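The block underneath contains the structure these notes are about, expressed in structure tokens.
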Number of protein chains: 2
Amino acid sequence: MKEGPDIAQIGALIGDPARANMLTALMGGKALTATELAAAGGITVQTASTHLAKLEAGNLLTQRKQGRHRYFTLADDSVGKFLESIMGFAAGRGYLRHKPGPKEPALRKARICYDHLAGDYGVRMLDSMIGRGAIDAIGDGLVLTKSGETALKDIGIDVHTLKSSRRPLCRSCLDWSERRAHLAGSLGKALLSNFLDKGWAHRTAGSRCVVFSPEGERQFLMLFPAIK
Amino acid sequence: MKEGPDIAQIGALIGDPARANMLTALMGGKALTATELAAAGGITVQTASTHLAKLEAGNLLTQRKQGRHRYFTLADDSVGKFLESIMGFAAGRGYLRHKPGPKEPALRKARICYDHLAGDYGVRMLDSMIGRGAIDAIGDGLVLTKSGETALKDIGIDVHTLKSSRRPLCRSCLDWSERRAHLAGSLGKALLSNFLDKGWAHRTAGSRCVVFSPEGERQFLMLFPAIK
DNA sequence: TTCATAGTTCGATCCTAACCGAAGCATCGT
DNA sequence: ACGATGCTTCGGTTAGGATCGAACTATGAA
């Protein structure tokens with residue numbers, strides 16, 4: 001009767017609203033302290049502490065001590081991945097934590113998905129790269145083409161070093177707001193870093209939103225024209 | 001602070017052991033009655049009834065009345081998909097519902113993953129098809145080749161009709177026991193149906209196990225030789 | 001009609017776990 | 001050394017929800 005892995009424990013860990021909010025906050029990819037996470041969860045630090053201990057025991061989080069702070073991050077990108085898959089389902093079925101508020105449009109426009117760009121802009125970027133032949137979409141998979149590689153070199157991304165990492169270069173990730181794929185993998189991460197480094201965009205504190213500067217937005221839209 | 005979809009509600013639904021067991025049972029793809037699900041969850045029918053109502057309200061299940069029975073199935077293959085993604089994570093982190101029992105080996109060998117073949121045999125089948133060039137693995141994606149299409153025709157699968165469906169033909173699905181990919185999508189489903197129709201294998205009641213007959217096993221192993 | 005089976009609803013019990021106040025460590029700055 | 005800050009542990013309270021017995025509804029069989 002009892003077969004296979006136990007999903008109940010994981011479900012229970014995610015099932016508490018405070019913990020779910022903390023996990024969602026950590027989907028931003030940034031390491032957060034226990035106090036910050038307590039705020040994100042809407043609870044006191046004591047309560048947060050016990051929650052964090054449970055999440056860590058469940059291998060969903062890891063912590064790193066730094067001075068008198070403890071920085072928590074998702075244990076692994078596999079955690080971010082299956083959380084996003086649940087979010088995708090949740091979004092499709094109208095599981096929303098609130099009525100769409102003022103932050104919502106900004107979040108749908110551009111946000112961080114663990115370590116890469118998501119939202120309208122994330123989807124546009126991938127579509128544009130596919131449209132101009134920088135990336136081939138084959139079945140579920142994404143493959144960087146030769147011409148794509150040289151184009152990336154021009155904007156300052158050395159694909160060669162990325163390839164040496166064990167992590168896949170291109171990976172598609174389902175976007176919960178757009179319900180279409182955006183670009184994940186080490187290349188997705190590199191592109192986001194590139195934009196942030198250039199000052200085209202910056203992250204907002206305590207949120208997954210990514211805000212583009214006027215100039216950055218201009219450059220981005222020019223670099224990734226819409227495909228009709 | 002509160003952004004994005006609410007994963008807590010879904011987590012809570014999965015987080016109860018009885019509900020998780022019922023959902024896992026439904027991953028077998030077969031429609032089950034409330035009484036059968038109560039047994040799968042290890043609870044009385046009254047309790048099961050309230051659980052099932054909650055799961056249905058949460059859009060994880062649908063029911064179909066037939067006479068005095070109510071048959072429950074997963075609402076959608078998207079449910080099966082994200083459940084499997086959680087299972088994949090759970091299996092990798094040692095979340096097991098029990099010490100490995102007598103059924104465990106059979107389950108690892110061949111089982112149903114919603115509607116296609118998983119386990120050792122599922123992984124072997126995909127590896128073998130890739131090895132002989134019937135399927136190309138490109139990045140994350142899988143693509144059926146011309147030669148693969150004709151080979152499938154020989155065993156009685158008409159790829160053309162499958163292609164007309166909206167569902168993707170080939171899709172890779174992470175196997176929680178083998179931790180490698182097996183073949184999902186409409187082709188994965190068609191292959192499993194094909195084996196069952198030919199009598200090579202049959203499902204076992206109340207379990208996700210797929211049991212091959214001696215002759216069926218011989219044929220299967222011959223058709224999908226191991227790749228070294 | 002009458003009985004049996006499948007399932008739901010109600011009511012009451014009971015237990016887990018979330019929660020916070022207070023106190024205790026650990027680390028940093030001065 | 002001393003206070004301030006970040007975090008954990010302990011203890012006691014409370015609330016939510018899982019559970020089942022019993023009663024009720026619905027469908028099928030005889």
Side-chain angles (χ1 to χ4, degrees), chain A residues 1-2 6-26 30-58 60-73 95 97 205-206, chain B residues 1-2 6-26 30-58 60-73 95 97 205-206:
Chain A
M1 207 56 53
K2 302 274 181 7
D6 186 8
I7 58 175
Q9 294 180 47
I10 297 180
L13 285 174
I14 303 170
D16 181 78
R19 283 196 292 258
N21 286 334
M22 293 194 279
L23 288 170
T24 306
L26 287 171
K30 239 188 299 195
L32 299 175
T33 66
T35 311
E36 288 168 328
L37 287 168
I43 47 180
T44 62
V45 276
Q46 309 95 293
T47 310
S49 179
T50 66
H51 281 313
L52 290 169
K54 283 176 189 175
L55 288 171
E56 198 184 1
L60 295 186
L61 298 185
T62 49
Q63 60 163 301
R64 192 161 29 94
K65 277 186 76 167
Q66 215 165 84
R68 50 183 166 178
H69 295 272
R70 303 214 168 176
Y71 286 96
F72 290 85
T73 50
Y95 285 93
R97 288 194 288 179
Chain B
M1 206 56 56
K2 302 273 179 13
D6 185 8
I7 57 174
Q9 294 179 48
I10 297 179
L13 284 175
I14 303 172
D16 180 79
R19 284 195 291 259
N21 286 334
M22 293 194 279
L23 288 170
T24 306
L26 286 170
K30 241 187 298 194
L32 298 175
T33 66
T35 311
E36 287 169 328
L37 287 169
I43 48 180
T44 62
V45 277
Q46 309 95 294
T47 310
S49 179
T50 67
H51 282 312
L52 290 169
K54 284 177 189 173
L55 289 171
E56 198 183 1
L60 295 185
L61 298 185
T62 50
Q63 60 163 301
R64 191 160 31 93
K65 274 187 79 168
Q66 217 164 81
R68 51 183 165 182
H69 294 272
R70 303 214 168 175
Y71 286 96
F72 290 85
T73 50
Y95 284 94
R97 288 194 287 177

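Bear in mind the structure is a predicted one, so any value in this text is a computation, not a measurement. Within every chain, numbering begins at 1; the chains are lettered A, B, ... in the order of the sequence lines, protein sequences first and strands thereafter.
Contact annotation: A:Lys54 reaches the phosphate of C:dA18 (side-chain N/O to OP1 or OP2, under 4.0 Å). At the phosphate of C:dT27, OP1 or OP2 sits under 4.0 Å from a side-chain N or O atom of A:Lys65.
Across the helix from C:dT1-D:dA30 to C:dT30-D:dA1, the helix axis at one end is tilted relative to the axis at the other end by 30° (nearest 10 degrees, each axis from five pairs).
Atom pair B:Gln9:CD and D:dG16:P shows a separation of 15 Å (rounding to whole Å applied). Atom CZ of B:Arg19 and atom C1' of D:dG16 are 12 Å apart (whole Å). Counting to the nearest Å, the P atom of D:dA18 and the CG atom of B:Leu13 are 9 Å from each other. Between B:Met22 atom CE and D:dT19 atom C1' the separation is 12 Å, expressed in whole Å. Rounded to an integer number of Å, the gap from B:Asp16 CG to C:dA17 C1' is 14 Å.
Listed candidates were C:dC20, D:dA18, C:dA18. Nearest to the side chain of A:His51 is C:dA18.
The minimum heavy-atom distance between B:Glu36 and B:Ala31, with the atom names listed, is OE1-O, 4.5 Å. Taking all atoms of both residues into account, the shortest heavy-atom contact from A:Thr50 to A:Thr47 is OG1-O, 2.8 Å. Of all heavy-atom pairs spanning A:Ala34 and A:Ala48, the tightest one is O-CB, 4.4 Å.
Remark: side-chain polar atoms of B:Ser49 are not paired, donor with acceptor, to backbone N or O of B:Val45 under 3.5 angstrom. One N or O on the side chain of A:Arg19 and one on the backbone of A:Leu13 form a donor-acceptor pair closer than 3.5 Å.
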In 5'-to-3' order, the base (B), backbone-only (S) or no-contact (-) status of each nucleotide in nucleotides 5-10 of chain C, using a 4.0 angstrom heavy-atom cut-off, is BSSSB-
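Residues B:His51 and B:Ile43 are in side-chain contact: their nearest non-hydrogen atoms beyond the backbone lie under 4.5 Å apart. Side-chain contact between A:Leu26 and A:Leu37 is present, with at least one heavy-atom pair separated by less than 4.5 Å.
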Could you walk me through whether B:Thr33 and B:Phe72 pass side chain to side chain contact (heavy atoms under 4.5 Å, CB included), step by step? CA-CA 6 Å; B:Thr33 66; B:Phe72 290 85; over 6 Å; no
For B:Ile10 and A:Ile14, run side chain to side chain contact (heavy atoms under 4.5 Å, CB included): C-alpha distance rounded to whole Å, both residues' side-chain angles, the deciding distance at 0.1 Å, then the answer. CA-CA 8 Å; B:Ile10 297 179; A:Ile14 303 170; over 6 Å; no
